Amino acid sequence: MANLAVRVGEFCLRNPVMPASGCFAIEYAEALDLNNLGALVIKSVSPKSRAGNPTPRVTEAYSGMLNSIGIPSKGLDYYRREVLPAYTRYDTPVVVSISADTVDEFADAVAEMSLPEVAVIEANISCPNLEADGMAFAMTPETTYKVVTAIRRKTNHPFWAKLTPNASPIAAVAKAAEEAGADALVMGNTVLGMSIDVRTRKPKLGNVMGGLSGPAIKPIAVRMVHQCYRSVRIPIIGCGGISSADDAVEFLLAGASAVQVGTASFLDPGVMQKIIDGLDAYCREMGVENVRDLTGQVEIDRQLSDRWLRFAQQSG
């Protein structure tokens, strides 16, 4: 077998495949062995209780789905007492995803969840910032730097900053997160979209707009991973439309050190194991001894790549 172990910061994972937050629950243990995954990323929790967005919350879209769940939460105490223990009994690093409404709430929540049994905190800074009229923290380099700095001051735990593809200056946002102290980046989340029922003339989502996920957004996500890879030195976890081993390899070649699988697991709860097996088969077929050696190995003319990077930075 090929060596599928990868490093994300100070962590060595048995393989680069993990679930995306919000697309995974402990019930997936009925479909695959959770001890075979690289990490277990739990659904985001917020310090305040939330009921979530109005229904309907999910609708199909071309080659994907739209969702506007609203991150329902029963708070940190409930999460720590009732949710976390089910995941920490596995021999797989646990990643706790945090969502919050303000910078101070974010920092305090991360500090509270920096527990010995938690390997990594994923700061979901792609969620709305109430101090900026609901605009996501990661929409600008300035707000990204502010929230990541506040988090870093409150914890010594490793933490990953989850960015949003809805930000145009993505390279600058990634750089700001790195400079503020993030140990790795998760690139990224859903792309803002909307769908209308042409017979009722009403939005298909109760919250009108929602996040588009699935294969439809993969080319966008791959592009953004590559832009981030060219801009920062910290590891990147790629996410967006991954449903096969070839998809995962594409993200690795673009610059990711690991990947997260989301929407594909709704269609096939065992897909992450299939991706792991497929990565091993790909490496053996292509003569790749260590899967980590694929990171950033896309063959692009350097001058052309530099020109596109400058164009992206200027247009952002």
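All values derive from a computational prediction rather than experimental measurement. We're numbering straight along the sequence, starting at 1.
- Between Y28 and S265 there is a side-chain heavy-atom pair separated by less than 4.5 Å.
- Within the 4.5 Å cutoff, side-chain heavy atoms of E112 are placed close to those of D77.
- Taken to the nearest 0.5 Å, the CG atom of L294 stands 11.0 Å off from the OG atom of S257.
- Proximity of a side-chain donor or acceptor of R7 to a complementary backbone N or O of E10 within less than 3.5 Å is detected.
- For residues 204-214, no pair satisfies salt bridge (Lys or Arg N to Asp or Glu O under 4.0 Å), with sequence neighbours left out.
- Between the side chain of T295 and the main chain of A256, a donor-acceptor pair closer than 3.5 Å is present.
- Every side chain to side chain contact (heavy atoms under 4.5 Å, CB included) that A29 has, sequence neighbours left out, goes to L34, Y90.
- Contacts of D197 classified as salt bridge (Lys or Arg N to Asp or Glu O under 4.0 Å), with partners at least two apart in sequence or in another chain: none.
- Side-chain atoms of Y229 do not come within 3.5 Å of backbone N or O of A254 as any donor-acceptor pair.
- The stretch residues 168-204 participates, sequence neighbours left out, in no ring pair (Phe, Tyr, Trp, His ring centres under 6.0 Å) pair at all.
- In this structure, the side-chain hydrogen bond (donor to acceptor under 3.5 Å, both in side chains) partners of R223, at least two apart in sequence or on a different chain, are Q227.
- Side-chain atoms of E178 come within 3.5 Å of backbone N or O of R233 as a donor-acceptor pair.
- Applying the side chain to side chain contact (heavy atoms under 4.5 Å, CB included) test between I125 and each of T164, V147, V186, V103 identifies V147 as the sole match.
- For the 3.5 Å distance criterion, the side chains of S46 and S73 qualify, holding a donor opposite an acceptor.
- R89 meets the side chain to side chain contact (heavy atoms under 4.5 Å, CB included) test with no other residue; sequence neighbours excluded.
- Proximity of a side-chain donor or acceptor of D280 to a complementary backbone N or O of A2 within less than 3.5 Å is detected.
- Between the N53 side chain and the G206 main chain, no donor and acceptor come within less than 3.5 Å of each other.
- A 4.5 Å side-chain heavy-atom check between V191 and N166 finds at least one atom pair inside the cut-off.
- The neighbour count for R81 CZ, taken as heavy atoms of other residues, nucleotides or ligands under 6.0 Å away, is above 12.
- Ion pairing of K154 with D104 is absent here, as no side-chain N (NZ or NE/NH1/NH2) approaches a carboxylate O to less than 4.0 Å.
- Taking the side-chain hydrogen bond (donor to acceptor under 3.5 Å, both in side chains) definition, one finds that E105 meets it with K48, sequence neighbours left out.
- Judged purely by distance below 3.5 Å, without hydrogens or angles, the side chains of T263 and S213 pair a donor atom with an acceptor atom.
- Here the side chain of H157 pairs a donor or acceptor atom with the backbone of V118 at under 3.5 angstrom.
- I276 and M286 fall within a single hydrophobic cluster, where Ile, Leu, Val, Met, Phe, Trp and Tyr are joined by side-chain heavy atoms under 4.5 Å apart, directly or via other members.
- Cluster partners of L192, using a side-chain heavy-atom cutoff of under 4.5 Å among ILVMFWY residues and allowing indirect links, are M194, I196, V208, M209.
- A heavy-atom distance below 4.5 Å is found between the side chains of V83 and I42.
- Using cut-offs of 30° and 60° on the angle between ring planes, the pair Y87 and F24 is tilted.
- Residue pairs meeting the salt bridge (Lys or Arg N to Asp or Glu O under 4.0 Å) criterion with at least one member in residues 53-75, sequence neighbours excluded, do not occur.
- Not a single donor-acceptor pair under 3.5 Å links the side chain of N290 to the backbone N or O of R292.
- Hydrophobic cluster membership differs between Y145 and I234, with clusters built from Ile, Leu, Val, Met, Phe, Trp and Tyr side chains linked at under 4.5 angstrom.
- Checked against side chain to side chain contact (heavy atoms under 4.5 Å, CB included), D91 has the following partners two or more places apart in sequence or in another chain: R14, N35.
- Donor-acceptor pairing under 3.5 Å is recorded for the side chains of S97 and S44.
- For residues 261-273, the pairs satisfying salt bridge (Lys or Arg N to Asp or Glu O under 4.0 Å) are D268-K274, with sequence neighbours left out.
- For the side chain to side chain contact (heavy atoms under 4.5 Å, CB included) test, residues two or more places apart in sequence or in another chain that qualify with K218 are V222, D247, E250, F251.
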